[in-house]
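Here the structure comes first, spelled out in C-alpha cells, and everything after it is commentary.
Note that the structure is predicted; figures quoted are calculated from it, not measured. Residue numbers begin at 1 in each chain, while the letters A, B, ... track the order of the sequences.
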Amino acid sequence: PLADGTGHVTVATTRPETMLGDVAVAVHPEDEAKQAFVGKMVRVPIANVEIPVIADEAVELGFGSGFLKITPAHDATDFETGQRHGLAAPIIMTTDARMADAALEGKAGGRVPPEVFGMDRFEARRVMVEMLKQQKLLEKIEPHRHAVRHCYRCDTVVEPRLSDQWFVKMQPLVTPALEAVRTGEVRLVPERWRTTYERWMENIRDWNISRQLWWGHRIPVFTCAACGEQWADREDPTACRRCGGAVEQDPDVLDTWFSSWLWPFATMGWPDATPDLERFYPGTTLVTAPEILFFWVARMIMSGYYFMGKKPFTTVYLHGTARDTQHRRMSKSLGNGVDPLDVVRLFSADALRWTLVAGTSLGADVVLDPNDLESTFAPGRNFANKLWNIGRFVLAQLTDRDGQGRTETDQSVSFRLLSSPSASDLSLADRWILSRLQATIREVTGSFEQFRLDEGAKRCFDFVWHDLADWYVEAVKPRLAPNAASVALAHTVLVYCFDTALRLLHPVVPFITEELWQKLPGRKASELLAVAAWPESQSALDNPGAEAQFERIKQAIEKIRAIRADYRISPKTRLAAVIAARGTDAPEAFRSERETIMRLAQLDQVSFDGAGTGVGAYATFGDGSEVFVALEGVIDVAQECERLGAERDRLDRQLTGLAAKLSNQNIVARAPADVVAREWEKEREWRIQRDGLDGKLKSLGCS
RNA sequence: GGGCGAAUAGCUCAGUUGGUUUAGAGCGCCUGCCUUACACGCAGGAAGUCGGGGGUUCGAAUCCCUCUUCGCCCACCA
C-alpha cells in the first residue's frame, strides 16, 4: 500500500521473505505510466516500514509487474541500485539463513516480526505468504522458472547476504595483461579464445579474495584492538604499530586462486632472485583447460606483469574437454566418466594417450563412449600392438641370424648410413622409404610445433603402418636372408627408419616406444628415448623420383591383387604376369623390384617385355603402363569385358568433367598457370589409360 | 540474457589461407585369407547430392547471407 493511502503497487518476487530487508521499490525511468509513483512512499507489509519509490535502470522494461523491490543486503543487483541511491542495507538473516535483524545482534524488535523471528528462511517464506494472504495483500502466486544458485558441494540453495570482504582493485592490473594478448606477446592457442579473454578483461570487476573457510592462507591484515589501526604486514606483528596495543589477524583466508596466480614465479623461489627464477622465468607454454582461462591464466598474466614486470609464458595451449556421446562434460557428479585406470588395465596407457591425442584436433573436444570402451580405445591398442610386432620383426632380424645374438657388425653398420648415405647401393625401395621418412620428420615436427598433435600422431601412424610395415618391411624381406648380398644395408635402413619413427612417436605413445627403442642395437644401458635427440630430416635423402617410381610398383601390385580378387582366385594360386612400362614410367624401376612384385602379388612368373598375349586380365595405370595377368581356363570374356568396360566408363566420366573445365576459356585465362597445367597432365594420363582400355576391349571382341 | 562453436560415410572425426582429391581416416559392414612380425592381423570391396536455401567466383565441403538443429562457456535473472 501507498503510505498516503491513495492506492498500492504490486511487486513480484520469488523470495517473499526478503521483503523484510526492502529499502525501496524501483520503476524504470522510461516507464511513463509509473512515473507518478516516483517519490511517493509505500509501506512494506509485515515489516511495517515506509520506503520510497525510486527510478532506476536496473528494472527491466516489460518484465513482471514493472515494480522491483530493492533488497540491498540480500541481492547483488539490488546492492548496486542501493549504492546509486544512497540507500541503507539492512541485513535480515543470520549467517545460517535464519530470520533476524543483524543490527540488533540477535535481539527481536526490528524489521523482523516475532511471527518469523529465528525461523529458517524457507519456513519464514511459507509463514509470510500466509500472513500476506490473511492481510489480503497477496495478489497471486504463479509458477516461475529461474536460476537459483546452489552450493557445489552440498547443493544447498545459496542465500546472498551482505558482508565485509577484501577485494583487489583490478583495473590497474588489466592494462598490460590485455595488451600482451592483443599484441600477440602472449599467444592463446586456439586463437579464438582471444575474443573471450579480451571481453572478460574489458569488463573486469574487482576481485573478492577473502573466504570464510577453515583451510587456506590467512589474510595478512592486522587490526589493533585498542586504537583500531589496521594494516597489511609481511611479518606477523605482536603489537600495534601505532599504539603498541594488542593486534588481531583477520580471520578470513585467501581465495585459492590468489596463491595460484603467483605460481609461475612463486614456485621458483620468488620473492628471492634465485637462479631458477633467472633461468626459468618466463616459461614457454602453459597447457590447461579452457574453463580455467579466467580463474587462473588471466590472473597469472596480470600477476606476472605486476610482480615480475614480464609475462609469465609466451603461449597458452587450451586443450579440449572429454565428453560423453551426448557431449556432456565428463564429471564425477554425473557419473558419465571413463576411469583412466580401467582403460590402462584393458587397453594400456599408450592406447589411452593415443585416443586423446590423435582423436582431438586443435581446440576441439574429444567424445569418448563410456559404454563402449572397446571401440573408443581399441584403435590405440591396435596401433601399439602393430608397433610392437614391427619391433619384434626388426629385432629378430638383428639378433637371431646365426643363433648367437646380435653381432658387432650389426651395431656399427646400423648407424653408418645416417652420416653418409651411399645412393648407389640403395634399392628403389630403400630410396623410397628414406625419402618418405624425411617428409614424415618434417611434417610431424611442423604439426607438433603448431600444436596440431592429432595431425602429427596420424602422420606417424600412416608412415609406420602403411609405408614401413605394409610395403617396406614386405619388400625388404627377401634381402634379409643371412646370405643375401645387401643384408647389412637393409638392416641399416630398417633400423634407421624404425628408430626415427619411435622418436617421433614417443610424445604420443611413450611407454611402448621407450621399451622398443632401448632394445635397438647400439643402445647403452643408461640411454633413454625420453631425452634422446629429436630427429632432423636429411635433405640428401629426399628423392621425389624414387617416390614416384615406387608408387608405380605399388600400383602394379595393387592392380594384380584387384584382378585376383575380381576373379576369385585363391591367394595360394601363383600367377604369371606381364608388366609393361609406358610413357614416363621407368621400365628399369619395375625390373629392379622384381622380387617385391613377385612376392607381394603372389606371382611365379613375371615379364617386363612387350605386352601380354593369350587369355588373361588386363589393367592400366600410371602413365599408361599396363599389367596383364595370364588366366588361362579361369577367365571369362564376358566378365573381363564388363570389368574393363566399367573402368573405361569411369575414366570417360572423369574426362568429360575435365573437358568441360579445360574448354572453358574463363578457366584457362584466369586460373593460375600451374593449376591449368596440372589439369592438362591429369587429362593426358586419363586419356592414355582410357585409350588403352578401349584397345583391349576391341581386341577381346567386347561389343 | 551475453558470448562462442559445430553440422562431411552407420559411428567418432580430418580436410591449415577457395583449384593435385576421382571428398579422406579409424571403427563398423561385405568378400577371401591363420602368406613363419602382427587375426589387436593381411588382401580386396561397398558406403557420402559435405544440414536446407540463396549469393560471390572461371571454380565452393572451404568465403558471405539466411533458416534449421545440436552443443559449450559466462551471468548480478526480480
Touch class at under 4.0 angstrom, heavy-atom based, for A/K559 against every strand present: nothing
A/V367 side chain, from C-beta outward: closest of B/U12, B/G26, B/C27: B/U12
Touch class at under 4.0 angstrom, heavy-atom based, for A/V473 against every strand present: base
Gap between atom CG of A/L178 and atom CZ of A/R199 - 0.5 Å precision: 12.0 Å
Under 3.5 Å on both distances, the Watson-Crick or G-U partner of B/U57: none
Complement of B/G5, any strand, by Watson-Crick or G-U distances under 3.5 angstrom: B/C70
For B/G48, the Watson-Crick or wobble counterpart (both distances under 3.5 Å): none
Aromatic ring proximity A/F498/A/W517, centre distance under 6.0 Å: no
Touch class at under 4.0 angstrom, heavy-atom based, for A/D462 against every strand present: nothing
P atoms of B/C72 and B/G44, separation to the nearest Å: 42 Å
Qualifying residue for side-chain hydrogen bond (donor to acceptor under 3.5 Å, both in side chains) with A/T18, from A/E159, A/H74, A/R121, A/K69: A/K69
Length of the line joining A/F461:CZ and B/G24:P, which is rounded to integer Å: 17 Å
Selection from B/C4, B/C33, B/A37 that lies nearest to any side-chain heavy atom of A/R192: B/C4
Spacing between A/E374 atom CD and B/G26 atom C1', to the nearest angstrom: 13 Å
Stepwise side chain to side chain contact (heavy atoms under 4.5 Å, CB included) check, A/F67 with A/H28: CA-CA 8 Å; A/F67 292 99; A/H28 196 278; over 6 Å; no
Sugar-phosphate, base or nothing in reach of A/R194, heavy atoms under 4.0 Å: nothing
Whole-Å distance separating the NE2 atom of A/H319 from the C1' atom of B/C72: 14 Å
Distance test, side-chain N/O of A/R452 to OP1/OP2 of B/G15, below 4.0 Å: yes
side-chain hydrogen bond (donor to acceptor under 3.5 Å, both in side chains) involving A/T13 - partner list, sequence neighbours excluded: none
Rounded distance in Å - CG (A/D78) to P (B/C77): 11 Å
Whole-Å gap separating C1' (B/G71) and CG (A/D365): 9 Å
Touch class at under 4.0 angstrom, heavy-atom based, for A/E558 against every strand present: sugar-phosphate
B/U69 versus B/U31 - spacing of their P atoms, nearest Å: 41 Å
Pairwise P distance, B/A9 and B/A25 [rounded to whole Å]: 14 Å
hbond_proxy A/R199 side chain to B/C73 base (donor-acceptor, 3.5 Å cutoff): no
Sugar-phosphate, base or nothing in reach of A/V11, heavy atoms under 4.0 Å: nothing
Proximity of A/W354 and A/F383 rings by center, below 6.0 Å: yes
Between B/U17 and B/U12 - P atom distance, rounded Å: 25 Å
Output field: ring centroids A/W193/A/Y197 closer than 6.0 Å: no
Under-3.5 Å donor-acceptor pair between A/E474 side chain and B/A43 base: no
Residue A/K458, side-chain heavy atoms: nucleotide from B/C13, B/A37, B/C40 that is nearest: B/C13
5' priority, RNA chain B, between A/A76 and A/Q450 [closest heavy atom]: A/Q450
Closest to side chain of A/E455, choosing from B/A37, B/U16, B/C72: B/U16
Nearest-neighbour nucleotide for the A/S375 side chain, B/A37, B/C76, B/C27 considered: B/C27
Sugar-phosphate only, base, or nothing, as touched by A/T196 at under 4.0 Å among non-hydrogen atoms: nothing
Atom pair CD/CG of A/E515 and A/D350 - distance to nearest 0.5 Å: 10.5 Å
Integer-rounded Å distance: B/C33 C1' and A/I569 CD1: 14 Å
Nearest-angstrom distance, P atom, B/U66 to B/C13: 27 Å
Candidates A/Q602, A/R574, A/R564 - the one meeting side-chain contact (heavy atoms from CB on, under 4.5 Å) with A/I569: A/R564
Residue A/R650, side-chain atoms from C-beta onward, closest of B/A14, B/U22, B/G45: B/U22
Same-atom distance (P) from B/A75 to B/C63, integer angstrom: 31 Å
Pair A/F511-A/R353, side chain to side chain contact (heavy atoms under 4.5 Å, CB included): steps then yes or no: CA-CA 10 Å; A/F511 300 102; A/R353 198 159 157 131; 5.5 Å; no
Check: B/U35 base within 3.5 Å donor-acceptor of A/R599 side chain: no
Partner nucleotide of B/A75 by Watson-Crick or wobble geometry (both distances under 3.5 Å): none
Counter-base of B/C33, judged by Watson-Crick or G-U geometry with both distances under 3.5 Å: B/G41
Rounded distance in Å - CH2 (A/W200) to C1' (B/C74): 11 Å
Interface residues of residues 384-393 of chain A with RNA chain B (non-hydrogen, below 4.0 angstrom): A/N385, A/K386, A/N389, A/I390, A/R392, A/F393
Trace of the side chain to side chain contact (heavy atoms under 4.5 Å, CB included) decision for A/V627 with A/F621: CA-CA 8 Å; A/V627 60; A/F621 62 98; 4.2 Å; yes
Which nucleotide in B/C40, B/G15, B/G44 has an atom nearest any side-chain atom of A/R381: B/C40
B/G5 and B/A46, which share atom name P, separated by this distance in whole Å: 38 Å
Distance, rounded to the nearest Å, where A/W465 contributes CH2 and B/G24 contributes P: 21 Å
Sugar-phosphate, base or nothing in reach of A/R15, heavy atoms under 4.0 Å: nothing
Pairwise P distance, B/A43 and B/C4 [rounded to whole Å]: 47 Å
Which residue lies more 5' along RNA chain B, comparing A/S570 with A/H466 via nearest heavy atoms: A/H466
